[in-house]
Amino acid sequence: MDFGFSSEQEELRQSLRTLLARECDMGRVRAALDGRVAFDEPLWRALAEFGAMGVAIPEEYGGLGLGLLELCVIAEELGRAVAPVPFSSAVYLYAQLVLAFGSERQRRDRLPQIAAGREIGTCPADALMSPDRTSLRVSRGRLTGRVPMAHDGLVADWAVLPALDEEGRLGLYLARLSGPGAAREPLASIDPTRTCASLVFTDCEVERLGDGVEMPDLSRVVDTAAVLLAFEQLGGAERALEAGCDYARQRVAFGRQIGSFQAIKHMLANMYVAKTLARSNAYYGAWAMATGHGELPVAAATARVSATQAFQECAMNAIQVHGGVGFTWDYDCHVFFRRSNALALVLGPLSTWESLLVERLRDGARTGDA
Amino acid sequence: MDFGFSSEQEELRQSLRTLLARECDMGRVRAALDGRVAFDEPLWRALAEFGAMGVAIPEEYGGLGLGLLELCVIAEELGRAVAPVPFSSAVYLYAQLVLAFGSERQRRDRLPQIAAGREIGTCPADALMSPDRTSLRVSRGRLTGRVPMAHDGLVADWAVLPALDEEGRLGLYLARLSGPGAAREPLASIDPTRTCASLVFTDCEVERLGDGVEMPDLSRVVDTAAVLLAFEQLGGAERALEAGCDYARQRVAFGRQIGSFQAIKHMLANMYVAKTLARSNAYYGAWAMATGHGELPVAAATARVSATQAFQECAMNAIQVHGGVGFTWDYDCHVFFRRSNALALVLGPLSTWESLLVERLRDGARTGDA
Amino acid sequence: MDFSDTPAEAAFRAEARRWIAANAPSQHRVALERSSFGVLRVGGDEAEKLAICRDWQRRKFEGGWACLHWPSEYGGRDAGPVERLIWEQEEGVYGKLGERFVIGQGMIGPTLMAHGSPAHKRRHLVPMASGEEIWCQLFSEPAAGSDLAGIRTRCERTAGGWRVNGQKVWTSGAHYSDWGLMLARTDPSVPKHRGLSMFIVNMRSPGVEIRPIRQMSGQSGFNQVFFTDVFIPDEDMLGASGDGWSIALTTLMNERQAVSSSMTTGFDDIFDFCLRFDWRGGKAIDDPVVRSKLATWAARTSGLRFTAMRTISSAARGEVPGPENSILKLVAGMTMQEIAKFALDLQGAAGMVASPEFAEEEGKFQLMLLRSPGMRVEGGTDEIQRNILAERVLGMPPDHRVDKDVSFAALMQAAGDAARRS
Amino acid sequence: MDFSDTPAEAAFRAEARRWIAANAPSQHRVALERSSFGVLRVGGDEAEKLAICRDWQRRKFEGGWACLHWPSEYGGRDAGPVERLIWEQEEGVYGKLGERFVIGQGMIGPTLMAHGSPAHKRRHLVPMASGEEIWCQLFSEPAAGSDLAGIRTRCERTAGGWRVNGQKVWTSGAHYSDWGLMLARTDPSVPKHRGLSMFIVNMRSPGVEIRPIRQMSGQSGFNQVFFTDVFIPDEDMLGASGDGWSIALTTLMNERQAVSSSMTTGFDDIFDFCLRFDWRGGKAIDDPVVRSKLATWAARTSGLRFTAMRTISSAARGEVPGPENSILKLVAGMTMQEIAKFALDLQGAAGMVASPEFAEEEGKFQLMLLRSPGMRVEGGTDEIQRNILAERVLGMPPDHRVDKDVSFAALMQAAGDAARRS
């Protein structure tokens, strides 16, 4: 039994943290926040060079062929850094979908591009969580319809989308967003460090993802993404807590550091509790994901619920610890707060995962599985 | 506009508080808590003499003919005193039901007995909240069946109960609990200062409440009881908060009164907030009840939700402020805590009233009434 | 316990209603209804907005409806608390046009009445009531927020008056204000609460520099104000030298009362939204989770409303409203934050969208999310409100104070050391 | 990240499982499964319960399965943290028979190993491991709970030893204990933390009087212990005079570890109940409000479980578990209180009924309601746990201490004055 990352994985973390300290300081994050760039392209290239996008992509498709645990470490560090790059859309969602359901040719064509950072992909949350409610239609290989909201949709080159064909059969399609028949409209987001867009397709040439005719079961990809997002949220929670602690030690009121007041102290303790529970649950999710264990549905939902609560609490209360400066544009608190609220919504909100978690526990109890 | 009790009503409060200081100290409450008495009979007689039971019963039926606002004041003071008497069952429920739906003869027979403290009545919460789910049957004026749980059922002489007759029509019946065909089994309660019992009827002679054949709409009586219970809960909340404050000023740790620590201070402040909101909402309920205003359904549900939350929070945290001694039998904290949890359940629990409140707000919004 | 109008109150209400119907700028009604969270949607640029606000204030003043509770000699109406409440109810959305005058009329005016010289009152109160002159409050500083007595702005003696140097922060409306009420340190050699004095500052004085603070919501209602050798004549000190702290307490007490009856929790917004919004196969309002949350927020909102009403009743009976009003902002701030978060959850991924033209309710809840953290800090943090309630209402002993009996100069030294050590 | 057994761990697990299958008192299994919240349903009276517990402990000792992590010379097995965890999982409900030995084996034994003389270790550790002798911890006093260093029990020099007078409180199991570890004041003239010493007390000594404390749940696991001129021989002081506080910190650190992996939140109970209970026209578990609450409790419970596991992993890597374990009790206590309250709400008016024969689940949730407030206080209040987390894990500065440099005698005087003034 070992409930922690290996020393190799911890080394990976250290080197990525070093890279991010250099390539993703708050000045860089603010370039995206202020809308000066849509995302941080030099950082994206540096991450590609580091191998971050390809860490869980097999070597035959241009990746490093390490594994999902290594991807958890990367997710946590990118979360800490509030990295202004479309990593989660491209790597947890798009690449995992292509890997899981793409044809051999599609994998060979697309995955090396993702691993090398040459292409960006996305899959809208609603499409993934409830594909049967899609309003997209495919007719003779051409896609028509509108996706009201796609995270990272403004910068993605490709999207995986569910659509109904002429005969009403649901399937996944691979659409090129930069080609003819595809348009996008930017949407302002509560977290401008990641772009959002609505996507509009008019007879856009698409190809079916994979060779089959059956709509695949997406739940495993959803659960994998939930675990990886939980690590991003965990990283963010930890960073927000650290910001709160730093300020509480530094700021003086009534002749004392404000961290010596119980009101502040106990708020920080509660943040620490939420963050620690989230970490333990994220590890549970990581183990279930990496080993393909039957507890993955429960573990993923647990990790997602716990991490969402923790990041939202830590980011919100980091502002409160900061007092007046906490809600100014110039202090970084709101960058964490924005990200915490965006990540809470990006793959089904908390209310959805709460419901899923209990359903899954119930199903486990019925089959005697959990 | 005047959002407060009149000076006459405040005088009534003062004289009742004086009476209760004499007749209902904690030693008396503990006699019931420890099961030495089923309820405090001398206190019951003193309250009758004071006129407490008859304050909202018209003079023609042996009451004082004052009003429901005066009854609110009495409810609050009895709540403060954690009075070990079946007042709420007898006065808010039973007497109000007889007054609202009884025949002239029934009112003349029963109400003076209540006002004088010679008889005790009750009506089980479930019977009142969802009479259509009764399992009681009446055939040729005789009642058969079981009421699993009646608050104050062990000491009540009479009960108002919903039952189905031979033709499946729902009606309210007046049953004598001390007569033939009626039996009761005591139930241990989380709040032993008030008795609970299950009632068993076997061909027990009963009479229909009132002259009509239609089942009356009980909602007004339910709402009235909800407001009055809110005042009892408010009184309890205030007493528990005072106990917490007293201890926080008195107890010394780390060389300081513990009330000077923000952890304790802010817990007490939060209790104060809950209690203050509950008071304001109780006043809203009292006004709507006393004037028969159309907002009563909303006001009563608001008062009940707010008071339930406040008393539970204040009683629970009064224990926490007390630390170790707080959860001993010898300190009084648990007496408030028990009562707070019993009153939360006695007329539909918090979850029911939350739902009712929103339904009523919605209905008001639809009719443009609220 | 009577929530309805007495005959006299009803007559006052009818009169107010008639006057408003005849005089209010109804062309702005729709824009005002859509204005919330500090966004005033009337007019174009800031100057035009201000002109519209001033115009309504001037009309009220001329009609005898400005500053109802002020003495009539200063432009008020000598009205009681219940009449103020009735006016507020009748004025409705037009009240939003008065937000720029609240600091002056609600806090500073009463402070001048209590502590100003006859000349101060003559010079300042009527223009304040008419909206001709706008005031701001220059109290907080970067190192003196919750610990207000820690302010460092220095006023030093000079010929015929004082020379000010320092920096203020969180100054609402400094950029359009004519005058400011400023707390400054006149004697650093005594303990912190004792070396302060209060001044009236002309905001157009040379050496006053105003920089807006951009909030996380993108709005800029607050400012930093820098003073460099600003001259204040002797006669513009309020009270005596060293009286600053006790005068500031008067102002802050009035602040708590000024905010009291106009606290929004966002409940009406979320309730209306849940009535209409489709969620989990029905309307959101029919879902038990939604109901449970709505019920708690409804009870809190109702409780705040009637708590404010009870305060008004007490005031009408001649009681002085106490610090119990701290609960209003405390509860409203927390509640709004919860509501905003839940409203976004209901919207799912679309909750991220902040563009008014694409987001639900024109992005109202997204704005609420970004505004609400500020509500828990402005005008005293949640923590300060709880201290006030526990100490001043419940009688809890104050926290141990290390800064009470030390000279301010020595304290600054020690504080710097502590922060460096950590 | 591997949650499954290594081959060596699997072998250990198999061996433990075989031994337990062959030796455990399976006649008590059902009664143990029904035991919760400190109610042990095996045996008849207290003496019989104790005999059953002792019997299992002795068998484990003889089989080499007692005090796994202790050195074998003291009756342990030199086992690592993961083996302890595996044993705990395999022992399952029989572990409830060990609760009476936890204070000795989990807290006091390690304290004796760290600070005891060779004679102490020889005399006491093996009987402690075998269950032959039971220990209690005599630390808290009426005026020294959260502020443990404020204890007043006096130990004064006498011929050949010490004479103790004073009162202890919250002493679990004093009534069946043979020995106690006692913190007492040997020097009131120095500041409070410095005048304390640690003693081994024979609980059968003349002058020791034990009175049970009745809790609000009706249970009496705790006691008051009064000492009147109780003699302790010189050799039963642990460490040196004045070392009491630092030795107590060792014990308390072990306390936090001892409670760590066995914290129940009540989640399994409420989850099973909601699976079966009819509510609002379906099973409770299908209602969205219930789900939302269950999800939060599930995530917390899972988080606690894996936090304990992570601590075990760290320990297995040789790291010393720190104060971060404070989160276990903090979260478990709050959660249990929420769960109990909600379980009663689901039951409606019937939730008031506490009679095991009539209440749902034999009144389990009613008992939980009455036990849970104690959980938030015993072994350090929620507030103390948060202080520990903030100060020792997050590095927040300690609260200002007025009692650090004052002699204990002077402090008692001042505290009495303050309380009288209020």
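Side chains are part of it too, since the values below use all heavy atoms of this structure and drop only hydrogens, waters and symmetry mates. Here the structure is a predicted model, which means the values were calculated and not measured.
In this structure Ser302(C) satisfies the side chain to side chain contact (heavy atoms under 4.5 Å, CB included) test together with Asn281(B), Tyr284(B), Thr302(B), Phe306(C), sequence neighbours excluded. Contacts of Val406(C) classified as side chain to side chain contact (heavy atoms under 4.5 Å, CB included), with partners at least two apart in sequence or in another chain: Ala410(C), Leu411(C).
Checked against Met1(B) for a side chain to side chain contact (heavy atoms under 4.5 Å, CB included), the options Thr6(C), Ile86(C), Ile312(C) give a single hit: Ile86(C).
Contact annotation for Leu69(B): only side-chain heavy atoms (C-beta onward) come within less than 4.5 Å of a heavy atom of chain C. Contacts of Thr291(B) with chain C are absent, with no heavy-atom separation under 4.5 Å from either backbone or side chain.
Below 4.5 Å, heavy atoms of chain C meet heavy atoms from Leu241(B), Cys245(B), all part of residues 225-246 of chain B. Contact annotation for residues 307-323 of chain B against chain C (heavy-atom separation below 4.5 Å, listed by residue number): Gln309(B).
Here CZ of Phe5(B) is found 12.5 Å from OG of Ser313(C). Values are rounded to the nearest 0.5 Å. How far CD1 of Ile327(C) is from CG of Leu277(B): 4.5 Å, rounded to the nearest 0.5 Å.
With Lys265(B) contributing its side chain and Ile388(C) its backbone, the two residues share no donor-acceptor pair below 3.5 Å. Side-chain atoms of Glu354(B) never come within 3.5 Å of backbone atoms of Thr296(C) as a donor-acceptor pair (strictly under, hydrogens ignored).
Remark: the Asn387(C) side chain and the His266(B) side chain contain an N/O donor-acceptor pair separated by less than 3.5 Å.
Smallest separation of non-hydrogen atoms from Ala269(B) and Arg386(C): CB-O, 3.6 Å. Closest approach of Leu394(C) and Tyr272(B) over heavy atoms only: CD2-CD1, 3.7 Å.
Using a 4.0 Å cut-off between a side-chain N of Lys or Arg and a carboxylate O of Asp or Glu, Arg291(C) and Glu359(B) qualify as a salt bridge.
Comparing Ser355(B), Ser306(B), Cys72(B) by heavy-atom pairs within less than 4.5 Å of chain C, the highest count is held by Ser355(B).
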